[in-house]
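Sequence positions, counted from 1, serve as the residue numbers for this chain. We count ligands from 1, going down the list as the structure has it; atoms in each ligand are counted the same way. Just so you know, these numbers use all the heavy atoms, side chains as well, and skip hydrogens, waters and symmetry mates.
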Amino acid sequence: MTNLPQRTLGSTGPTVSALGLGLMGMSDLYGPADEQESIATIHAALDAGVTLLDTGDFYGMGHNELLLRDALRGRNRENAVISVKFGALRGPDGSWTGVDTRPAAIKNFLAYSLRRLGTDHIDIYRPARTDASIPIEESVGALAEMVQAGYIRHIGLSEVGADTLRRAHAVHPITDLQIEYSLISRGIEDEILPTARDLGIGITAYGVLSRGLISGHWSADRSARDFRGHLPRFSAENLERNLALVEALRDIAQERGASVAQVAIAWVLSRGQDIVPLVGARRRDRLSESLGALDLQLSQNDLAAIEAAVPADAAAGTRYDAMQMSFLDSER
Ligand SMILES: NC(=O)c1ccc[n+]([C@@H]2O[C@H](COP(=O)([O-])OP(=O)(O)OC[C@H]3O[C@@H](n4cnc5c(N)ncnc54)[C@H](OP(=O)(O)O)[C@@H]3O)[C@@H](O)[C@H]2O)c1
């Protein structure tokens with residue numbers, strides 16, 4: 001294992017590599033993935049010193065957790081900080097049918113995840129979305145019982161707003177909030193990020209490459225035939241504007257001898273020691289590009305140039321479609 005820079009998640013959480021690996025695209029949502037390459041990518045991440053691995057029980061309906069179990073076979077479990085999301089309900093056709101965070105459902109989801117992952121504990125366990133029919137206090141109360149029983153080490157949240165963060169944290173310390181944050185998704189800066197800081201809650205930022213859109217590898221002729229095809233920022237009317245922002249970023253990246261993805265990730269890293277970007281690399285070449293961001297030191301001048309090239313709110317389109325936005329506590 002090499003020595004990657006480390007960051008601590010919140011005032012109560014574990015210390016993890018400053019960059020985490022998100023496994024979602026290895027099982028779901030971003031079109032076909034190569035299983036052998038996915039496992040090789042997880043191995044390469046562990047070998048490079050990445051410790052934070054993020055999954056969800058609903059990513060490929062259990063497939064993502066089974067993949068992680070396979071990848072961790074023969075590895076030291078203690079070198080991995082496994083973060084699992086639960087609560088999203090799927091149909092057999094893969095459709096999204098709702099959210100369930102009732103205490104009995106949480107215990108049931110957890111029992112299945114532990115078995116699929118082949119482990120006796122999950123390091124950070126979090127509801128993927130809030131359940132409008134269950135007060136957050138009840139869900140966090142059930143999670144606190146699972147901490148007491150030793151099945152989970154820490155409680156996280158995902159895509160919640162400041163009010164829910166406070167209510168949850170009053171029941172049991174919350175380690176980190178997983179939420180979208182990137183050069184083109186800066187909504188957390190007004191209220192959510194200051195609240196998390198006030199409470200000592202870390203941020204695991206996802207979508208730092210806006211699902212590939214601002215990676216520098218997306219182009220207008222690459223049509224999104226997967227979940228991204230439903231995201232407004234990839235739609236025909238918005239894509240041109242958004243890719244123009246990427247080209248502005250490319251000029252800056254070239255001057256620094258870096259790639260666009262590295263600049264986008266390094267920008268998120270520069271936003272605070274309490275923020276750990278999750279990258280969704282599905283291949284070893286993408287992973288190694290992402291890890292290169294850890295070596296990129298951005299000066300104040302660089303940061304100013306980046307923000308001038310991609311001003312906050314410059315992106316065209318919302319980060320999810322209207323239906324999905326309505327499920328986000330963080331957007332209320
Ligand atoms: N809490 C939540 O609501 C939530 C929501 C979404 C994701 N997440 C978590 O966050 C993780 C990351 O999210 P994300 O996958 O949307 O993030 P992302 O890192 O913004 O996008 C990942 C995609 O960008 C493309 N890409 C191009 N260059 C890349 C590079 N150098 N490194 C990595 N990816 C590159 C790849 O697409 P191609 O392979 O198609 O080129 C990859 O699948 C997920 O795996 C998941 O664990 C959480």
For [atom], what's the nearest protein heavy atom and its distance?
| atom | value |
| --- | --- |
| atom 42 (C) of ligand 1 | Gly280 O, 3.3 Å |
| atom 36 (C) of ligand 1 | Arg228 NH1, 4.4 Å |
| atom 10 (O) of ligand 1 | Tyr206 CB, 3.1 Å |
| atom 15 (O) of ligand 1 | Tyr30 CE1, 3.3 Å |
| atom 21 (O) of ligand 1 | Arg211 CA, 3.2 Å |
| atom 48 (C) of ligand 1 | Gln178 OE1, 3.1 Å |
| atom 32 (N) of ligand 1 | Ser290 OG, 2.8 Å |
| atom 39 (O) of ligand 1 | Arg282 NE, 2.9 Å |

Sequence neighbours excluded - salt bridge (Lys or Arg N to Asp or Glu O under 4.0 Å) pairs with any residue from residues 171-185:
Arg126-Asp176, Glu180-Arg319
For residues 134-152, which residue pairs qualify under salt bridge (Lys or Arg N to Asp or Glu O under 4.0 Å), counting only residues two or more places apart or in two chains?
Lys107-Glu145, Glu137-Arg167
Proximal atoms of ligand 1 relative to [X] (non-hydrogen, under 4.0 Å):
| X | value |
| --- | --- |
| Gly22 | 11 (C), 44 (C), 45 (O), 47 (O) |
| Ser210 | 20 (O) |
| Tyr320 | 5 (C) |
| Arg129 | 2 (C), 3 (O) |
| Asp54 | 9 (C), 46 (C), 47 (O) |
| Leu278 | 10 (O), 12 (C) |
| Arg222 | 38 (P), 40 (O), 41 (O) |
| Gly212 | 21 (O), 23 (C), 24 (O), 25 (C) |

For a quick test of reading the model, state the closest non-hydrogen atom pair linking [X] to [Y] and the distance between them.
| X | Y | answer |
| --- | --- | --- |
| His63 | Ser27 | ND1-OG, 2.7 Å |
| Val260 | Ser215 | CB-O, 3.8 Å |
| Leu21 | Val50 | N-CG1, 4.0 Å |

Sole residue of [options] in side chain to side chain contact (heavy atoms under 4.5 Å, CB included) with [X]:
| X | options | answer |
| --- | --- | --- |
| Ser17 | Asn3, Thr51, Leu53 | Thr51 |
| Leu157 | Ile201, Leu165, Thr130, Asp329 | Leu165 |
| Tyr59 | Glu65, Lys85, Arg90 | Lys85 |

Using a heavy-atom cut-off of under 4.0 Å, does the side chain or the backbone of [X] touch ligand 1, or both, or neither?
| X | answer |
| --- | --- |
| Leu23 | backbone |
| Glu180 | neither |
| Ala281 | both |
| Arg286 | both |

Using a plain distance cutoff, I'd like to know if [X] has any nitrogen or oxygen under 3.5 Å from a nitrogen or oxygen of ligand 1.
| X | answer |
| --- | --- |
| Ala261 | no |
| Val279 | no |
| Met24 | yes |
| Thr55 | no |

Non-hydrogen atoms of Tyr59 versus ligand 1: any pair closer than 4.0 Å?
yes
Would you please determine whether Arg319 falls within less than 4.0 Å of ligand 1 on a heavy-atom basis?
no
Can you tell me if [atom1] on [X] sees more than 12 non-hydrogen neighbours from other groups inside 6.0 Å?
| X | atom1 | result |
| --- | --- | --- |
| Phe109 | CZ | yes |
| Arg75 | CZ | yes |
| Asp313 | CG | no |

Which is closest to atom 34 (N) of ligand 1 in terms of heavy atoms, Leu53, Ile214, Leu209?
Leu209
If the plane angle is over 60° it's perpendicular, under 30° parallel, otherwise tilted; pick one for Trp267 and Tyr181.
tilted
Tell me, do [X] and [Y] make a side-chain contact under 4.5 Å, heavy atoms counted?
| X | Y | answer |
| --- | --- | --- |
| Asp123 | Arg77 | yes |
| Ile124 | Arg153 | no |
| Leu303 | Ser270 | yes |

Is there a donor-acceptor contact under 3.5 Å linking the side chains of Thr15 and Gln6?
no
